[in-house]
Structures are given as structure tokens and as C-alpha cells.
2 protein chains.
Amino acid sequence: MNEGTNSNLFGLTKLYKVTILVITVVVILKQISTRFSMAVHILSLITTSTNEVTGDFIAGSVNTNPVVIRRIMGMLKKAGLLDVRPGVGGAFLLKAPEDITLLDIYHAVHVIEGNRLFGVHQDSNVRCQVGRNIESILQFELNEAQSAMEQRLAQTTLSKLIARFE
Amino acid sequence: MNEGTNSNLFGLTKLYKVTILVITVVVILKQISTRFSMAVHILSLITTSTNEVTGDFIAGSVNTNPVVIRRIMGMLKKAGLLDVRPGVGGAFLLKAPEDITLLDIYHAVHVIEGNRLFGVHQDSNVRCQVGRNIESILQFELNEAQSAMEQRLAQTTLSKLIARFE
DNA sequence: AACGGTTATAACTATAATGGTTACAACGAA
DNA sequence: TTCGTTGTAACCATTATAGTTATAACCGTT
């Protein structure tokens, strides 16, 4: 920081004493990766745009680095949702937006591991009644909860989502 | 912090109180932490065991380090689900197992912060139709999906779970 | 055949959560 | 006082994310 010339920082002068109150609020969110929402954004753009849709163009709309976009597009390609013209550029859907659900996109970007939203601890002590039973019985309940979420995601298609844009 | 020489800190004066609010948002999650399933394990043990239930005993059943267990028990204490006798040791429930749902436990261990399972990217380009709309419209759908999952978790109580142990 | 815009990918970074671990102070009953 | 226990602090290795730079490959146009 350039001392000596600090007298006009923020247009203020050094006539007065300093009181700076710095409040730092750190909000830690442990969440499903934004890769998912970015992927929805990407597919929405491809669906609605009439022009060529390049990685750079999408990056401008998502407001991030083009490489981040291409990485996600690579996942969407592997899932068979879109394809990209190499060299010349431009992406297009491989399925109708009526046939692409949020669940399809969710799965495509591998936002969770092994299709298991909930991690369950392993290697419980089998000599204990709880230890013997907890993993499988709890896993069943958690699968049910995960299914409930995924079924809701499956109800919304890309075209339904876009229809609500204003 | 150098007291006494703070009069020229940043060239500001005591006439001005500067409040800087820094919000850091970190998005991480591959799977919901096993803290949740361990917490269910812990509460199941306390419910079913006739003897004293110490951190070391639980650690033996979960098959992990006692400190990991005590950390989770601390969270369950803060949530009002159990209490621990300091010194002498041993944990006991503060609510009946019929009144503790998986959702209560899920919330207690702060496995998701801010009550938002899905991260949604911010700062999309508002000059683009998709960019303007995607965040709010997608967030609504994701909230619905999250609710579906949580409602399912709320349907299972600790006593129901334990009743299925063999 | 060279050029320019594009895609694909490798490599690297900073950040931070997790689960495990050691260490130690505080607590309370025998 | 002693001993088993609780409650934390501190540290570690591992891992995923999002961003970044750099580079090779691709393909239509000139």
C-alpha cells in the first residue's frame, strides 16, 4: 500500500483519527455443486438462442470462465444431452427440451458420488446389535428420501422451466 | 495491530466509521457427511442400551475415534436431543425416541448449512434472458425437491428405525 | 496452405470440509 | 487424590470445487 499518498484515499484527509470497523461474516454453504445449476443454464441457453452458442458466449451469460463451461459441456456430451461442432463451434441438443428433465441434468454432471446423496459410515462393530443393523436399515430410509427428491426433479423438464422465463 | 500509529491507517479518520462486510460463500459437497449417519447410530445406541453409554463405548460400536463421537454428541446436545453427564459420563435422550425424526437429527448435525441443499451459481448476466431468469426459477424447483426429501426424512422416527433391528 | 475462431484437455492454484488423531484441562464419584 | 470421562484445541492427510493459464487439435474461410 503506497504510504505517503494515502491522504486522499477515498477522498478523505488525515486530519482525523482512524476508526475502521471491519466485520467479516463468513458463510459456509455445504451444498450440491453449482455445476448442476450451471448445466441447467447452459442447456437453457442452447434451447432458447437462435444464434450459434459457443462456450465463450455461454460463459458471458453465466459470468464465469469459458473452461468451466466447456468442462460441464463435456459432461453433458457424455450423457448424450448435447453435441458440439468441433473447430467451427456451436452446441445443439440431442434430445427435445420436452424430454430432458432436471434429473437427467443432475445425473449428467455427477454432482454426487455413486448415486448416493447420503454418505453412510462403514465398518460398524458387528458384535453390537446397533452396529449390525444400522447401515442397511438406515440406508434404506436414506434411499427413500433421496428418491423423493429425485422424483421431484424428474417432474420438471427443460421446456417447462424455460416456459416460465419472462 | 500497531497502536499509536493508527492515525494514518489507510489515511482514514475517526470521523468516518467504515464497515466492510465480507461474505465468503464456499460450495462443497460430494455426499452428505457421514456425521449424519453416525449421529443416528449414536442416538440408536443410547436408546437401546441398558448400560451407561460413554463416548468410548459408542466409538467402539461405530468403529471410529472417540473424539469424532464427542464432536457429534456436542452437536446433538446443542440441538437439545441429548445430554451428557460430565465427569462421570454417560448420555441420555432429552426427547422420547418416538418424537425424534431423522430430519431432526439431520438438522442437528448441520450437514447442510443455510438450509439449502442445492448450490445455485450467482451473478448471471442480467442482459441475457436466461441469465435474468435462471436463478430464481431454478431455485424454486430445487427447493421443491429438497422439501420432498426432508418430508421423507421427517416420516421416520428413531423408535421406528430401532423397531426394525434384528 | 495459412489464418482465425473454436473446442478439448492438462496442469496448476487457493480454499475449505471431512474424518481421524494427539494432547490436555476440567469434571465428579469412589 | 485418583481414575475414568467429557470437552476442546490443534494438527494432519485427503479430497472436491471453481477458476486460471497454456497448448494442441479441429475446421471453414481466405
Side-chain angles (χ1 to χ4, degrees), chain A residues 24 26-39 41-42 46 51-60 62-78 82-92 109-114 118-124, chain B residues 22-39 41-42 46 51-60 62-78 82-92 109-114 118-123:
Chain A
T24 303
V26 179
V27 180
I28 309 280
L29 303 179
K30 294 165 280 188
Q31 297 180 319
I32 288 173
S33 163
T34 56
R35 220 167 40 229
F36 176 32
S37 67
M38 287 192 193
H41 193 144
I42 291 168
I46 296 173
N51 307 332
E52 282 302 286
V53 187
T54 68
D56 281 38
F57 171 71
I58 298 173
V62 176
N63 207 15
T64 185
N65 191 292
V67 175
V68 175
I69 298 300
R70 290 196 207 114
R71 258 200 301 240
I72 297 172
M73 287 174 84
M75 290 175 153
L76 297 173
K77 270 175 66 175
K78 278 195 185 126
L82 59 77
D83 209 353
V84 179
R85 271 176 288 268
V88 56
F92 52 93
V109 294
H110 300 110
V111 90
I112 61 168
E113 201 174 277
F118 295 91
V120 173
H121 61 288
Q122 309 289 318
D123 305 319
S124 288
Chain B
V22 179
I23 301 182
T24 305
V25 178
V26 180
V27 178
I28 291 178
L29 176 122
K30 197 69 184 180
Q31 271 190 334
I32 288 173
S33 162
T34 56
R35 221 165 42 227
F36 176 32
S37 68
M38 287 192 195
H41 193 144
I42 291 168
I46 296 172
N51 307 332
E52 282 301 286
V53 187
T54 67
D56 281 37
F57 171 71
I58 298 173
V62 176
N63 207 16
T64 185
N65 191 292
V67 175
V68 174
I69 298 300
R70 288 192 215 122
R71 258 198 304 237
I72 297 172
M73 287 175 83
M75 292 175 153
L76 297 173
K77 268 175 67 175
K78 279 197 183 123
L82 60 76
D83 209 354
V84 180
R85 272 176 289 267
V88 54
F92 51 93
V109 294
H110 301 111
V111 92
I112 297 294
E113 294 237 6
F118 294 92
V120 173
H121 62 288
Q122 308 288 320
D123 304 320

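Just so it is clear, the structure is predicted and the values come from calculations on it, not from any experiment. Chain A is the first sequence line, chain B the second, and so forth, proteins listed ahead of strands; every chain is numbered from 1.
Between D/dT8 and B/Arg71, no contact under 4.0 Å exists linking OP1 or OP2 to a side-chain N or O. Side-chain N/O atoms of B/Lys77 include one lying less than 4.0 angstrom from OP1 or OP2 on D/dG7. Checking the phosphate oxygens (OP1, OP2) of D/dG4, no side-chain nitrogen or oxygen of B/Thr54 falls inside 4.0 Å. For D/dG19, one of the phosphate oxygens OP1 or OP2 lies less than 4.0 angstrom from a side-chain nitrogen or oxygen of A/Thr64.
Base contact: B/Gly87 has a heavy atom under 4.0 Å from a base atom.
Comparing A/Gly74 and B/Met38 along DNA chain C, the residue whose closest nucleotide (by nearest heavy atom) sits nearer the 5' end is A/Gly74.
If you measure from atom CG of A/Leu82 to atom P of C/dA8, you get 9 Å, rounded to the nearest angstrom. As rounded to whole Å, 17 Å separates atom P of C/dT7 from atom NZ of A/Lys78. Rounded to a whole Å, the CE atom of A/Met75 is 7 Å from the P atom of D/dT17. Atom CZ of A/Arg85 is separated from atom C1' of C/dA8 by 17 Å (rounded to the nearest Å). One atom, CE of B/Met73, and another, P of D/dT8, lie 13 Å apart when rounded to the nearest Å. Between A/Asn65 atom CG and C/dT13 atom P the separation is 17 Å, expressed in whole Å. One interatomic measurement links the two molecules: CD1 of B/Ile69 to P of D/dT5, which rounds to 15 Å at whole-angstrom precision. If you take CG of A/Leu76 and C1' of C/dA8, they are 15 Å apart, rounded to a whole angstrom.
Taking every heavy atom of both residues into account, A/Gly119 and B/Gln31 meet most closely at CA-OE1, 3.5 Å. Closest of all the heavy-atom pairs between B/Arg35 and B/His110 is NH2-O, 3.1 Å.
The side chain of A/Val67 has D/dT21 as its nearest neighbour among D/dC27, D/dA18, D/dT21. Across C/dT7, D/dT17, C/dG19, the shortest atom-to-atom separation from the side chain of A/Val84 is found for C/dT7. When distances are taken from the side chain of A/Arg35 to each of C/dT7, D/dT17, C/dT18, the shortest belongs to D/dT17. Candidate nucleotides D/dC26, D/dT20, C/dG19 were compared by shortest atom distance to the side chain of B/Thr34, and C/dG19 ranks first. Taking the side chain of B/Val88 as heavy atoms from C-beta on, and the options D/dA18, D/dG7, C/dA29, the nearest nucleotide is C/dA29.
Rounded to the nearest 0.5 angstrom, A/Met73 CE and A/Leu82 CG are separated by 5.5 Å.
No donor-acceptor pair closer than 3.5 Å links the side chain of B/Thr64 to the backbone N or O of B/Ala59.
Counting only heavy atoms from C-beta outward, the side chains of B/Thr34 and A/Val120 never approach each other to under 4.5 Å.
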